Asker: 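The structure's right below; bear with me while I get my questions together.
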Amino acid sequence: MVFHERSFFKVLVHDFQHELKIPERFVREYWKGLSNPIVLKLPNNGEQRVIHWIQSNEDQIWLKQGWAQVVEDFGLEYAQILTFDYKGRSCFEVKIYHKKDSVTLPPHNQRCFFQILVHSKFHQKLMVPKCFSNEYWKRMSNPIKLELPDGIEKNVNWIKRGETIWLEQGWEKVVDLCGLCYEWLLTFDYKGKSCFEVKVYDNTALRVAYYNIHEKKKNNNNKDSEETVTDDDDDEDDDDDDDDDFVDDDDFVVDDDYCEVESVRSSDDDDESDEYDEQYFRRNKTKTVNGLHRNPRFKIRMRESYVTGRCVAIPSKFARRHLKEGPIRMHMGNRRWIVNYKTWKGGSGDKKYRKHKLQSGWHKFRRENHLEVGDVCVFELTSKLPQTMIVRLKSG
């Protein structure tokens with residue numbers, strides 16, 4: 001499960017000159033209560049337009065009267081990207097992103113671009129569209145600064161290969177922090193002084209919400225500390241060298257389908273493929289994360305070290321098969337926490353092994369859910385993109 005902001009994007013396809021369909025997921029979750037007409041706040045000095053909409057069925061809303069004039073006045077073109085951010089009182093702020101293969105930029109006086117994560121190595125590097133780099137990149141510092149959705153700024157170095165600009169050193173950290181996935185869309189809005197505001201949209205076309213993903217370390221002048229993901233009480237790189245460093249899988253109950261589950265779908269399994277007509281939006285669907293009708297899961301009984309420490313060991317068999325290092329969204333009840341999964345080598349000599357632990361964020365998760373020694377937690381993996389688990393508690 002992924003939480004969303006009250007914002008979405010649209011690709012201008014089909015008969016966009018005369019009408020524009022609102023993503024069905026947004027209609028189901030957020031459209032109720034909006035007036036007819038709505039107001040669009042457009043790029044030119046915040047110019048506002050009144051747009052009437054029609055509803056063809058329960059989940060289908062179309063912008064109609066007044067939309068064609070917006071298309072004409074702003075020169076909107078096929079395959080452009082528009083984002084709609086809800087500002088309250090039935091008003092949306094609209095931003096226009098030019099096509100990546102455009103020769104020139106549109107006359108909206110907006111320094112922005114978008115990228116869709118379809119490159120095979122998107123987790124290692126990201127290309128800046130040539131139309132943007134040719135126009136604006138000459139005076140960019142190296143590194144540039146990216147302002148992530150949670151308000152944290154990250155420095156990313158870029159390199160020029162031929163006529164192409166690539167974001168490289170530091171980009172992997174951005175991918176990990178935001179839990180970015182294949183075919184997600186990112187927008188980059190230039191804020192000045194080589195700084196870009198980054199927004200993230202998933203396969204539902206809605207903007208992903210990030211709540212307290214991490215906090216900066218306080219009172220630390222170490223240069224590297226500015227690039228550390230941390231919780232107030234957690235140190236992601238500081239392992240607890242206790243008796244739990246090596247935990248055999250026999251200490252856990254692990255079964256990829258040890259019981260029937262309710263109809264829980266993967267977060268990328270929303271039946272909204274009609275929203276994506278461009279090739280780069282097509283995706284494979286699965287009923288659950290492993291293609292079966294059951295989700296993989298495991299149980300952990302809380303030990304003293306798990307309750308008082310900063311991390312918890314998880315079964316290596318499960319971790320190797322289903323998880324990748326990085327943030328995991330943990331849901332318990334109607335709340336969500338971000339907990340980082342990390343591995344590293346342990347032991348020495350003939351007794352070397354690899355540790356698998358939930359670390360940064362675990363202390364906060366444990367504290368706010370009042371976990372005690374003897375409690376049994378069931379961790380059910382409901383999505384791999386992004387990594388998401390539902391946690392159920394059974395008191396000991």
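If you're wondering where the values come from, they're calculated on a predicted model, not measured in any experiment. Note: hydrogens, waters and symmetry copies are ignored here, and every other heavy atom, side chains too, is used.
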Asker: If every non-hydrogen atom of S316 is compared with every non-hydrogen atom of H356, which pair is closest and at what distance?
Answerer: CB-CD2, 3.4 Å

Asker: Among F298, F379, Y341, find the residue that satisfies the ring-ring contact (aromatic ring centres under 6.0 Å, His included) test when tested with F318.
Answerer: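 Considering F298, F379, Y341, a ring-ring contact (aromatic ring centres under 6.0 Å, His included) with F318 is found only for F298.
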
Asker: Side chain to side chain contact (heavy atoms under 4.5 Å, CB included) for F26 and H4? Distances and angles first, verdict last.
Answerer: CA-CA 9 Å; F26 189 88; H4 297 101; over 6 Å; no

Asker: At their closest point, which heavy atom of H123 faces which heavy atom of E172, and how far apart are they?
Answerer: O-CG, 3.0 Å

Asker: I want to check something: taking the side chain as every heavy atom from C-beta on, are L20 and F84 in contact at a cut-off of under 4.5 Å?
Answerer: yes

Asker: Give a yes-or-no answer on whether the side chains of H370 and D375 include a donor-acceptor pair shorter than 3.5 Å.
Answerer: no

Asker: Indicate whether the side chain of Y182 and that of N203 have a donor and an acceptor atom separated by less than 3.5 Å.
Answerer: no

Asker: Of W53, Y86, Y30, F9, which is the lone residue that meets ring-ring contact (aromatic ring centres under 6.0 Å, His included) with F92?
Answerer: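 That would be Y86.
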
Asker: Quick one: do V376 and L393 satisfy side chain to side chain contact (heavy atoms under 4.5 Å, CB included)? Show the steps, please.
Answerer: CA-CA 6 Å; V376 176; L393 173 64; over 6 Å; no

Asker: Please work out whether the ring planes of W137 and F196 are parallel, tilted or perpendicular, with thresholds of 30° and 60°.
Answerer: parallel

Asker: Do W362 and M330 have side chains that approach each other closer than 4.5 Å (heavy atoms only, starting at C-beta)?
Answerer: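 Not in contact.
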
Asker: Going by heavy atoms in the side chains, are H119 and K125 under 4.5 Å from each other?
Answerer: yes

Asker: Evaluate whether atom NZ of K41 has more than 12 neighbouring non-hydrogen atoms of other residues, nucleotides or ligands under 6.0 angstrom away.
Answerer: no

Asker: Run the side chain to side chain contact (heavy atoms under 4.5 Å, CB included) check on E5 and V208 step by step: do they pass?
Answerer: CA-CA 6 Å; E5 304 281 1; V208 178; over 6 Å; no

Asker: Considering all heavy atoms of both residues, which atom of K324 and which atom of Q387 are nearest to each other, and what is their separation?
Answerer: N-OE1, 2.7 Å

Asker: Could you tell me whether K342 and E325 make a salt bridge, using a distance below 4.0 angstrom between a side-chain N and a carboxylate O?
Answerer: no

Asker: Is there a side-chain contact between I314 and L323 in this structure, where contact means two heavy atoms from C-beta onward sitting under 4.5 Å apart?
Answerer: yes

Asker: If you measure from the Lys or Arg side-chain nitrogens to the Asp or Glu carboxylate oxygens, is any gap between K95 and E93 under 4.0 Å?
Answerer: no

Asker: I need the minimum non-hydrogen distance between V71 and F16, along with the two atoms involved.
Answerer: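 Closest heavy-atom pair between V71 and F16: CG2-O, 3.8 Å.
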
Asker: Report, as yes or no, whether the 6.0 Å neighbourhood of atom CD on E29 holds more than 12 heavy atoms from other residues, nucleotides or ligands.
Answerer: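 Correct, the count exceeds 12.
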
Asker: What are the two closest non-hydrogen atoms of P327 and L177, and how far apart are they?
Answerer: CG-O, 4.4 Å

Asker: What orientation do F132 and F113 show, parallel under 30°, tilted 30 to 60°, or perpendicular over 60°?
Answerer: tilted

Asker: For S7 and R207, which I'm curious about, is there any donor-acceptor pair between the side chains at under 3.5 Å?
Answerer: yes

Asker: State whether the number of non-hydrogen atoms from other residues, nucleotides or ligands found under 6.0 Å of E58 atom CD is greater than 12.
Answerer: no

Asker: Begin from the C-alpha positions of R49 and V94 and carry the test side chain to side chain contact (heavy atoms under 4.5 Å, CB included) through to its verdict.
Answerer: CA-CA 11 Å; R49 298 291 181 89; V94 180; over 6 Å; no

Asker: Indicate the atoms forming the closest heavy-atom contact of V156 with E168, along with that distance.
Answerer: CG1-N, 4.1 Å

